[in-house]
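In what follows, a single structure is set out as structure tokens and then discussed.
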Amino acid sequence: MRELLLLDPVCVHNIWGGTKLREEFGYPVEGSGIGECWGISAHPNGDGTVRSGSFKGRKLSWVWKEHPEFFGSLPYDRYPLLTKIIDAQDDLSIQVHPDDAYAGEHENGSLGKTECWYIMDCGEDAKIVIGHNARTEEELHAMVEEARWGELIREIPIRKGDFLQIDPGTVHAIKAHTLILETQQNSDITYRLYDYDRLQDGKKRELHIEKSLDVIRVPERDTRDCVKSTENLPENTLNQIYSCDKYSVFKLDVNGKASFAQKYPFLAASVLEGEGRVDGTNVRKGDHFILSAGYGDVEMEGKMSLILSTVEK
């Protein structure tokens, strides 16, 4: 099979969102507080629609179920990934995700949530929340109970082009004025540890203290190891920037012409900047697409930056 699926994403309103996803990326969504674009998603809470080709008008979950050969007939019970663009105009809640075993037991058979972030844009001297400073379980519980958030939470500096891996059990949060591309497992399970006592519709949002304490990793590893720069990668090359048992992630900066072999079960791609063509199909900033299994050689041209992802068989 040789097919390119362009997708119409699903946009989500959030208390911390803004208007950039409409104004800068052109997504047709009304109002303010637009926090997330689920660009490549087959999740029940956001199922993308195929824009073109032989599956036009179908949901991505339908393609996964009815045409497993498109994805290399993978041995998963659902499309395994979820790709988002997140526009944080305010701080996100301090949160943590469970692994597959905990989520499967406590969240009605859901997958856990391993995820990673590519920093598309951020302010000068920007920081992000990754990890915590508690040395023992007892200290963690005491800090949370006594609301010693400033003492507990660990922040690290970030720059545009940084890549961060976030394993289950890692306390984390995106801070205001940060734009990211998130690649994650196909899961919508988040445990909220702290939300700055914000009100939504006159009420504080629900916290998940007990479940958070169940899954937070103690002691924390050195969170500086979570961050790597993608600066100075060669242009017109499919550069692998991370791989684990849940996904492999690549960065591709097209300047003129680029070609590579699509040898993976599928390759999900998001255009972060610029515009160009993929084997004759026009794509631009904000477009998301999937290249099928058995696609073969890919020819791209133009000036654009993409993040791509896949899974192992």
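Worth saying up front: this structure is predicted, and the values here are computed from it rather than measured.
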Under a 3.5 Å threshold, yes or no: a donor from one side chain and an acceptor from the other, between [X] and [Y]?
| X | Y | answer |
| --- | --- | --- |
| Thr114 | Asp167 | no |
| Asn282 | Arg277 | yes |
| Asp100 | Gln185 | yes |
| Ser229 | Arg159 | no |

Checking the side chain of [X] only, and the main-chain atoms of [Y] only, is there a donor and an acceptor separated by less than 3.5 Å?
| X | Y | answer |
| --- | --- | --- |
| Asp91 | Ala176 | yes |
| Ser187 | Leu111 | yes |
| Lys228 | Ile241 | yes |
| Ser212 | His208 | yes |

Report yes if the distance between the aromatic ring centroids of [X] and [Y] is under 6.0 Å, otherwise no.
| X | Y | result |
| --- | --- | --- |
| Phe71 | Tyr79 | yes |
| Tyr194 | Tyr196 | yes |
| Tyr242 | Tyr118 | no |
| Phe163 | Trp117 | no |

Practice item. List in chain and number order the residues that pass salt bridge (Lys or Arg N to Asp or Glu O under 4.0 Å) with Asp279, two or more places apart in sequence or in another chain; answer none if no residue qualifies. Key: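 Residues passing salt bridge (Lys or Arg N to Asp or Glu O under 4.0 Å) with Asp279: Arg2.
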Practice item. Describe, in one word, how the ring planes of His97 and His172 are oriented to each other, choosing from parallel (under 30°), tilted (30 to 60°) and perpendicular (over 60°). Key: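 Rings of His97 and His172: tilted, 30 to 60°.
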Check your understanding: What class does the angle between the rings of Phe250 and Tyr264 fall in, given that below 30° is parallel, 30 to 60° is tilted and above 60° is perpendicular?
Key ->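 Ring orientation of Phe250 relative to Tyr264: tilted.
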Practice item. Identify whether the distance between the nearest side-chain nitrogen and carboxylate oxygen of Lys251 and Asp253 falls below 4.0 Å. Key: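 Looking at Asp253 together with Lys251, the answer is yes, because their closest N to O distance falls below 4.0 Å.
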